[in-house]
Amino acid sequence: MNDLGTRTHLTVRQLIVALIAFVLVVGMVVFDRRPSNDSARDDVTGGVALIESPDAGSASRGRATIPMIDVASDDNRSEFAASTWFCPGVPANDGSISGSLVLGNRGEEDVAATITHYGLGVEPIESTVSVPARSTVTVDADGGLQAPFVSTIVEIFGANGSVEQFITHPAGNATTMCADRTSSEWYFADGFTAADSIENIVLSNPFSDASVVNVSFVTKESGREPQNLQGLVVPPRSVLTLQMGAQGARNEPVLAVAVRASSGRIVAGRSQHYLGQGRLGYVMNLGSMGLATDWWFADGEKGDGVTEQLVMFNPAADDQQVSVVFLNGNDPATAIEPLVVSAPAGRVTVVDTSLLPGLPAGRYGINVSVVDDLTGTAAGIVVEQVINRRVGNTVGTSVVLGTPSLALSTVWSAPSGFTPGLPDSLVVLNATPDEATVSIEQVGPAGAVAIVGFESITVPAAGIVVIATPPGLPQGEFIVRASEPVVVQRMLSRGGELVGRTTALGLPHRLPGAP
Amino acid sequence: MSEPREIHAALRPVDAPPVVATMVVHDPGPWFDEVVGALAAQDYPNLQTLFFLTDACAEEVGARIRTALPQAVVRSVQGNPGFGPVANEVMRLVEGDAGFFCFLHDDVALDADAVSRLIEETYRSNAGVVGPKLVDWDDPSIVQMVGLDADRFGRLDNVVESGEKDQEQHDAVRDVFVVPSACMLIRADLFREIGGFDRDVPFYGEDLDLCWRAHLTGARVLVVPSARGRHRGAIRSRLDALPSLTSIERTRVFTVLSLSGVMRTPLVLVQMVLGAIVNVILGVFGGGMRQALASLRATLGAVAGIGRIARRRAAVRVYRRVPSREIHDLQLRGSARIASFVRRRRLRLVRTAALADDLDPRHTRVVFLVSLALAVFAVVGSRAILARGVAPIGEFLPMREGSEAPASLFADYVTGWWQAGFGQLAALPTGIALMAVAGVIAFGQIGLLHTLSVLGLVVVGWVGVWTATGRVFGMRARIVGVVIYAALPLVYDALARGAWSTLIAYAAAPWVVRVMTLAEERMVGARLTKLVAATSLLLALTVAFDASFVVIATWIAVAWLLGSIIAGISLPRSLLSVRLVVLGIVGAAVLNLPWLITFLSDDAMGRLLPGTPQITDPVGFVNLARFDFGDSTLGPFALLLYVGAALAVLVTRGVRAVWAIRAVMLVVPALMLVFLIDRDVVTAFTPRSDALLVVVGLGLALGTSALASQVLDVADRAGALRAIGVLGMVCSLVGVVPAAVAAVDGRWGQPETTIAQLLAQIPTDPAEGDFATVFVGRPELLPLDGHQLVDAAYVGIADDGELTLRDRWQPHGEVLLDRADEALLAITRSETVRGGKLLAPLAVRYVAVVLGNPGDSRLRPSDETVEADPSVVAFLEGLSSQLDFRRTYFSSELVIFENTAWIPSLAKLSDPSAVMSTQAGAEVLLTGDVVSEFPLRRTSATSSEPTFIEEGTIHLAAPHSDRLTLDVGGVAVQSRVAFGGTTAFDSPLAGIAEVDLRTPWTHAALVVVQVIVWLLAIVAVTDIGRFRRRKLLGAVTLVDAGIEQPILRLDNTR
């Protein structure tokens, strides 16, 4: 090879170098005009966009709007990993009402749990309990604090813990999910202050910082944003209770509530004591931590003495078309025409299924979805199901929040278990077009063991199965495992001689790979 | 001309006066055979030859001499003391005065009758010293010298112009003031009387000094043009250490002041001072600035050598027989420089070579004016920074009188406790010691030092480009390269966002090229050692402040190698540069060794190849190529910077084409990698994009410089190619527009409001106790050299108080850092809501999440505002969900959370907490509260104010070490591990307590060894042997046996 340093003319080598450099640069320019192949980055950055506030708008994106048991990272959790549950609160100034927390440990090792009780105007109390392996522990929910409502933070070290809140009320016991996180937005589709029924929105701030929230509500006639509910400060480590009747929503048969935090995050629950106009009993619900475009209900029912309402709240700025599909399997003979209704912006839409002539009597699953969500831009709605079961002259009212699509799971559990001996202890909805099999396990000293006879139950595609459990089963955490994503609802006794049943969702598990 | 020949023919050997031809030989080339052959061919009948060989000569040189001149006496000399001192040995080795000494350089080939003609003329004119006409070695028709004239200031004037044809116009015998030592014949008795050459002058100036002293004795000094010698004159390529310009000037001044007459000396001195000042002023506008400055320095420095001058004058007085007035008459009237200038103007010779370009005052004026413009550009663009100091943004952490005082830095360095992160007993970064040294050099002017450490790097980069092209291109081409390098918007972007690492790369990269060009000169021995040492020091200095530059240096070396191979340079020669860089890296590692041990952690690759986290859509190829990431309106002009380098590949020829191809190899691959990183095609373990862009910019500067050299340095100035070259240069020079615009605001776009100002709300030394602050953010936004937490989220940890430059270095792989990382990861993954409790034993009180720099708009498209990385946002989300963190500040750039569960870094624990501290594990922390009863005030990282304590447990949020002790009332309490990693002291008694650290002797020994290694490297670079050689001047040591007695005689008895 000759040294260029001795040449006095243009060499082939120079030409080749120039040509290759030119081609490479042109190649880069051409490649640069192609869109980035890193869609993941685009997706993520599209999600965060401009940072205006570390809290705003972040609560619901990419996560289910109901609590889930996070087992996705079991394998690579750090030693610091804990599952933290924020229970919405129990009344603690009424001797006739008591509350408890049920802590479940599905794991093979005992775990410690720290319980922090806090309320308005009282010093938080912190205590530690040990939850033995494969068992549940029930503790007092108010921790001895005297306050209108006492909320609780339960930190269970390890990944196998879950918590539910249980209220013993003269008007009916209420089993309530605890939130797996705090949120800056909460929605309640249903609300009821007619016949002097008492509805309390319970706002809990577990943090060391005060939160500032804006509360608005929608009645049958209009939406309202009372000035005194704007910029409402929820002090740190305290619980604020809003009695909706006293906030200008007296005697309202329709009352949806939206709570949005402009600073900080909170936990919001609804304590509802029904006193008439077709509703009786007591329920305590956790709000929805955001909007969703698909909602699933496992236990729809039409029949004598049963009235069912689907209450849809559209807090968004645009009207949305909503499709209501009743699911009872893929058998064309039993197929029911979907119902399409309009959900006006900022209003509540109520669908009374007992008034639908085409809907046959019996049990069915329900899917409520926003129709024009093909673009993925629909804001979504919140849907709750209200069932009043009449026995004789009395009524038992039960309200349950739907399950969003992001919460569909193949594993469900609940530390407080179900009420054995009922003909409809569990109702499972298969949310897929494929047939599924489910098994029901109970967690006991031997771990999670399938209940005899419930090892493999077939659930038809897009159908439901109502499971009657035998009486005498020990009370404890249960686990439903399915071959396809399902929704699991429990029928629970209301306690004492009260008629009807109260409905509660199980807790879906967020499995590896799930959002 | 026939008469002398006849006289010569009449001489018999016994009648001819003896002549000893003395030659000092130093590392000669193949042409040396011609030199010796010419001596062998002399027709003079009584000529003896004496050769002195320096160390650099191989044995075979002696053999070559003996082959041609079997009777030659050959002696070896230790080292290379210089021509004059060695030549003086002739007085010892030759006996008798009845003859002549003919001193010769080893690159002079005399015509066969040269010595004869010199002798003839000596007798004819009764001369004491005579010299021949010297002509060009390769082209004997070009005259080099016919003696030299000198003015009263000792400045020589060659009456022959460069490239002047020999048309016998100088062939008259005439008196001259100086005969060059290249070939000089002198009467032996005269030589002995005046003591030979000045022993203190190794090279340059010895002939002036000798001839002047010959004049003082009344001897004539003549040039005999009929005697001719070819002179090669390339001694610079063969000498290890050439005397500097200042040294040459010093010799001249010394000669003038010691040989001028008593009455004239003061006047001459004043004239020299005034003349030097005038020359400096003239040099500003007319070139020759370096020489003028050297002259001024030498003249003023003569005061220091007054003793030596006095001694010399006393020695000369013995043979001073001619009045100084007569000597003065022999000298040129006026100035030799002016005489030379007038003559040049008259002749108007056309110059063609690059070196001639350097000598042309018109060109030096251009270069000076461009340099002046660059200086003005730098000062104007930095005026606000110069006035108010560097804004504390990004990596530009401030230097403070307290924390960065040399004494404080030295003390910490010696103590061995590295108080970065949570502190650790480990070798401190070498950069801290270098900062201390710099502080001493700056006489403690810390603020000035800080400004220089930022702005100075830019200038160092410019000088680097100038130097890197120094041996190849002419001055004007070199200054073009400097202008292109200065025009890179990248560097002003770095100044705007506080990217110190980028500036370091910008400053150091050209010097890597510089040492590689030197490596190609096949240096051996001391020169190679010096070069390796210099490379090691260069890389060590750089690595001490930015370890990842090692990768950039390697990248440059590999690109250079590929370019050389493509250009057809032989592989062995091409590998020389890579070998040097590899050796330099090894040397740099050794020089930084104690600190670099801390690199032996899992994330070593991540630290050396940190990559550039991509946070938005790709910046885009064009925006990257513009060096401003699409941020400037006039940014597209910067694309013109590529035109020159691109055209250089096609337009340049010869060695310039080699450089053009190397430049392309610097530009294209680096640009490709930056582009692929930007497109996320290459993600892991990549160099930083901005550092790679520095390589691209360097390639552009060198390529354009090659093009400019082709256009400006080459004589052929016609044709289309030249037109294309000129067009390329013009286009490239238009590319400076964005840089010029960047200078307008006077602070290079540095924001008025900085993160540091926002951080000022975090308290300093509060009464409630010292604490640590965790910084989380993208690495280029963090004020510290953080480590990766997850994806683009990096973590840095600092003590309370203002962040200063010493906080830049962060430890890696330390146990408490790992503990903190685990907690922070758990927060990010929402695995816990009690991150505050987990961080409490580490005294973490604040977590600052940096979302952006105020004014920052780099590394992302210009149409977006502050945007945070998803991983940082995830951390922020997790932090917002923590039950024990309270948000104390929020803006779009910064969010600060306070940990409500923190405890002071040095505190007495409550009894339950003391019990807790004996256990480890997350559950312990999460199920209880760590509570301090009261803080103890720390006076340094490992010491505290004496404080009274009751018995109990004192906790220090620092990694456990047995070297940490607690003195309680004179009783030393040993430390124990607390919370699985920190340090606690269980004091069984009450009393005045004080924490202290006992430095391990191994650390002190390591520091001493490191200092020695650095000194050795510096000695190797500065060539301390030079001083040794100077000391030994006049004491030439011959290595041959039997040298004590004379071995040659000057008489006609043989």
Side-chain angles (χ1 to χ4, degrees), chain A residues 1-11 13-18 20-22 24-25 28-29 31-32 36-38 41-42 44-45 47-55 58 70 73 77-82 84 112 114 116 126 128 153 155 157 181-182 206-209 236 263-265, chain B residues 566-570 614-618 620-622 646 649-650 653-655 657-658 660-661 664 667-668 671-672 675 679-680 822-823 825-826 829-834 838 851 864-868 870 873 876-877 879-887 890 892 895 900 921-923 926-927:
Chain A
M1 190 179 278
N2 292 318
D3 186 342
L4 267 183
T6 62
R7 299 302 183 90
T8 56
H9 57 274
L10 180 66
T11 64
R13 195 177 290 136
Q14 284 173 271
L15 277 175
I16 292 174
V17 169
I20 292 175
F22 179 75
L24 288 174
V25 171
M28 284 187 275
V29 172
F31 186 55
D32 189 45
S36 170
N37 57 1
D38 186 5
R41 189 172 77 193
D42 293 345
V44 174
T45 52
V48 290
L50 300 182
I51 302 301
E52 295 168 349
S53 159
D55 301 324
S58 57
D70 192 357
S73 54
R77 281 188 166 226
S78 69
E79 63 166 324
F80 304 132
T84 306
T114 300
T116 306
E126 195 170 297
T128 303
I153 308 163
E155 299 161 72
F157 307 110
R181 63 186 188 276
T182 55
F207 295 104
S208 305
D209 270 336
S263 172
R265 300 177 184 189
Chain B
I566 292 171
I569 307 291
S570 68
Q614 188 62 59
I615 56 159
T616 65
D617 289 337
F621 175 73
V622 173
V649 182
L650 297 171
R653 302 287 183 269
V655 69
V658 175
I661 289 178
V664 168
V667 172
V668 177
L671 196 56
M672 277 186 69
F675 174 64
R679 297 286 297 195
D680 267 8
E822 289 172 18
L825 276 174
R829 296 170 181 161
S830 297
E831 291 178 345
T832 182
V833 292
R834 294 292 189 181
L838 297 174
L851 299 171
E864 295 180 16
T865 54
V866 176
E867 184 168 354
V873 172
L876 196 59
E877 292 270 331
L879 208 54
S880 299
S881 302
Q882 299 302 304
L883 299 176
D884 34 23
F885 273 97
R886 182 168 54 211
R887 200 171 64 194
F890 168 68
S892 57
V895 186
T900 57
E923 196 169 313
L926 291 170
T927 55

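In what follows, chains are A, B, ... by sequence order, proteins preceding strands, each numbered from 1. Quick caveat, the model's predicted, so the values are computed rather than measured.
- Here the straight-line distance linking atom CZ of Arg265(A) with atom OG of Ser881(B) works out to 4.0 Å at 0.5 Å rounding.
- Distance CD1/Ile153(A) to CZ/Arg834(B): 5.5 Å, rounded to 0.5 Å.
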*With side-chain contact (heavy atoms from CB on, under 4.5 Å) as the test, would you mind laying out the steps for Leu15(A) and Leu650(B) before giving the verdict?*
CA-CA 7 Å; Leu15(A) 277 175; Leu650(B) 297 171; 3.8 Å; yes
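- The two residues Val649(B) and Gln14(A) make their nearest non-hydrogen contact at O-NE2, 2.7 Å.
- With a 4.5 Å cut-off on non-hydrogen atoms, Val833(B) touches chain A through its backbone and its side chain both.
- Chosen from Val622(B), Asp884(B), Leu926(B), the residue pairing most often with chain A at heavy-atom distances under 4.5 Å is Leu926(B).
- Between atom CZ of residue Phe675(B) and atom CE of residue Met28(A) there is a gap of 7.5 Å, rounded to the nearest 0.5 Å.
- Within the 4.5 Å cutoff, the side chain of Arg886(B) has no heavy atoms near those of the Pro236(A) side chain.
- Heavy-atom pairs under 4.5 Å with chain A peak, among Leu838(B), Leu883(B), Leu671(B), Leu879(B), at Leu883(B).
- Closest heavy-atom contact between Arg13(A) and Ala567(B): NH1-O, 3.4 Å.
- Distance check, rounded to the nearest 0.5 Å: CG of Asp209(A) to CD of Gln882(B) gives 12.5 Å.
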